[in-house]
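Below is one structure, written out as structure tokens, with a few remarks after it.
Throughout, protein chains are lettered first and strands after them, A, B, ... in sequence-line order, and every chain is numbered starting at 1. Note that the structure is a prediction, hence the values are computed from the model and not measured.
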Amino acid sequence: MNLYQHFRDEVIRLLSELAAAGGIPAGLDASRVSVDPAREAAHGDITTNAAMVLAKPAGMNPRALGGILAERLGGLEAVSAADIAGPGFINMRLAAGFWHQRLKEVLLAGSAYGDSDVGSGEAINVEYVSANPTGPLHVAHGRGAVVGDALATLLEKAGFKVTREYYINDAGAQVEALARSTYLRYREALGETIGEIPEGLYPGDYLKPVGEALVRRDGDKWLVAGEAAWLPEIRAFTVAAMMEGVRADLKALGIAFDRFVSESALVASGAVDEVLKDLEKKGLIYTGVLEAPKGHAPDDWEPRPQTLFRSSAFGDEIDRPLRKSDGSWTYFAADMAYHRDKFRRGFNTMIDVWGADHGGYVKRMKAAVEAVTSGAAALDVKLCQIVHLSRGGEPVRMSKRAGVFVTLGDLIADVGRDVVRFTMLTRKNDSQMEFDLEKALEQSRDNPVFYVHYAHARCRSVLRSAAADLGVRNVTAEALAEADLGLLKDNAELAVIKIMAGWPRLVETAAEAHEPHRVAYYLHDLATAFHGLWNLGNDDVRLKFIVDDKPLTLARLALVQGVATVIASGLQVMGVRPVEELR
RNA sequence: GCGCCCGUAGCUCAACGGAUAGAGCACGAGACUUCUAAUCUCGAGGUUGCAGGUUCGAUUCCUGCCGGGCGCGCCA
């Protein structure tokens, strides 16, 4: 249960009771009433703004209204104290028994703890990575991959029906250049000296094996053929090879997509022609001449009539071209068709995770979604800022000759999948991030990955130790749920339970905000509370988990099991595997 | 020139429109015959870039400036 939602319902119920009794006016709009964690423990456990929000419409003084409501709230069994404070906050302290019940709930739910139905099964499409198939994924793609995947899992946990999708940009000039690059490597593999890779083509060594593989498949048959003959073949061959590498990297990160959508297949299906007809009917397509951007005119700018989409009618700065001068579709035109396709497959909410360099594209894509869905669907774009790689504080230099930055595959091989995933989620998506390869592996408290892992490992360690003493059967989550949790009276113990009990709310708010990084911060907080509790046992043996008092030991083990469960549940959302021990 | 993102402790970063803005690092002082001290406790550190506006209440929303990043037709 989301306890804040629970108490908000209670507040609203009590307000209507009060209204019925004539204590306050009836029919007040309670939509702005919220129940939140108290900022400071001294204020209590939870707080509501009800009195402040309703004072004006009720024509009452906030403290007077708050007094009446606080009296009612104080009468609830779960509330041990309700006071009015400051400008009109009603602070409530919850009974210990309420918190014990939350712990029991954790133990009974297991990794499903925190599952919510706020999403009501609504379909959400999360598109991420969607890198050009022109080379290996690099580190920035990795950030988008991790953010998108964790967001997808988070949304699932919050009750949405999520489809994970990857758009393959396998049409257009880039993949043609790729095919020509492979062709050079193909000739090279057949013994020719090809010299420098010309400007505009892909110089990376990663195409050498592709050229060699092509020789193995097709022999020298393309040497004498004209480009018109070999280009489509080699393009398809190369894209397939690149996508194989992409899938391997994603698999190494533990990411599996529900669907890969090919841009060229989409174009071939006529979907772009269709969307254009649609928009023509709506009067959103016209032929016009764009003005050169002020202060940034390209050298070869010349005014030219183009097929334009009236995106300025939906908040974009200018209208956007849909056809290149050679008559083929722009990337944008195909992307419009793609998002229309998503909508027709039943997605009214779409999330795209992009690199920051695509920031200038957001408005037109949102405009396009609004236009092609007649306002029925919404697009949220999460821009991931760049990742600066360093090693021991020194920037990692990119390799020019290899034609790529440090690849995602290199990064995973270097620090491991779980470290990559966790670290990528320790920053909000739109903040730049420094990823230090040494620090990410450091086993110290300034490495959040380790810090959270360590808390979980300590939990497991205690439970293993207890299982040896008390028998495995007595320390399962199910058995511990039956422990006398009322024995957990220490403030530090209750503090840990309170953080655990905040997990369902965290899931809901992070999911609604589309911000998976909050999970990482939450887990860090929980780990901090647990490490603190642990150390109390170092100072005073009576505060150890395993003590000379079996009922108390079992209650404390239940707490430990609960922490392990919630950490594992949070890591699951992040796609990180919890560790049993760290030695 | 225009648009988007960012601006919070010396540094790296948090904070559903809520109260006295929080963590970590670095700095100072302490706690290990261990259920894992790779941890913990305490201290010091702030005009949330600046100026207005909305609000009972603004780090958060709006406007304008300043600074940094990204982008700006026929690349994706």
For A:Asn49, report the nucleic acid contact type (base, sugar-phosphate, nothing); a contact means any heavy atom under 4.0 Å.
-> base
Separation between the P atoms of B:rA9 and B:rU54, rounded to whole Å = 28 Å
Only one of A:Phe530, A:Phe450, A:Tyr451 clears ring pair (Phe, Tyr, Trp, His ring centres under 6.0 Å) with A:His524; which?
-> A:Tyr451
Could a donor-acceptor pair under 3.5 angstrom be found where the side chain of A:Arg458 meets the base of B:rC35?
-> no
Across every strand shown, the nucleotide meeting Watson-Crick or G-U wobble geometry with B:rC2 (both distances under 3.5 Å) is B:rG71
Among the nucleotides B:rC70, B:rG57, B:rC6, whichever has the atom closest to the side chain of A:Asp357 is B:rC70
Below 4.0 angstrom from OP1 or OP2 of B:rC16, is there any side-chain N or O of A:Arg518?
-> yes
Should B:rC25 form a Watson-Crick or G-U wobble pair with both distances under 3.5 Å, which nucleotide is its partner?
-> B:rG10
Could you check whether A:His358 gets within reach of a base, just the sugar-phosphate, or nothing at all, counting any heavy atom under 4.0 Å?
-> base
Does a distance-only test, which skips hydrogens and angles, find a donor-acceptor pair under 3.5 Å between the side chain of A:Asn535 and the base of B:rU41?
-> no
Do NZ/NE/NH1/NH2 and the carboxylate oxygens of A:Glu515 and A:Lys428 come within less than 4.0 Å?
-> no
Have a look at A:Arg304 and say if it touches a base, only the backbone sugar-phosphate, or nothing, with a 4.0 Å heavy-atom cut-off.
-> base
Could you go step by step and tell me if A:Glu165 and A:Lys342 meet the salt bridge (charged side-chain N to carboxylate O under 4.0 Å, His left out) rule?
-> CA-CA 10 Å; A:Glu165 212 153 298; A:Lys342 290 183 193 176; 5.3 Å; no
Of all the choices, B:rG71, B:rC75, B:rC16, which nucleotide is nearest to the side chain of A:Arg505 once you look at every atom?
-> B:rC16
Which of these nucleotides, B:rA76, B:rC35, B:rC56, is closest to any side-chain atom of A:Met52?
-> B:rC56
State the pairing partner of B:rU39; accept Watson-Crick or G-U wobble contacts with both distances under 3.5 Å, and report none otherwise.
-> B:rA31
Kindly point out which of B:rC40, B:rC4, B:rC75 is positioned nearest to the side chain of A:His531?
-> B:rC40
Could you label the plane-to-plane angle of the A:Phe332 and A:Tyr361 rings as parallel, tilted or perpendicular, counting under 30° as parallel and over 60° as perpendicular?
-> perpendicular
Using only heavy-atom distances, decide whether a donor-acceptor pair under 3.5 angstrom links the side-chain of A:Ser325 to the base of B:rC74.
-> yes
Base, sugar-phosphate, or nothing: which does A:Asp326 touch, judged by heavy atoms less than 4.0 Å apart?
-> nothing
Does B:rA51 have a Watson-Crick or wobble mate here (both distances under 3.5 Å), and if so which one?
-> B:rU63
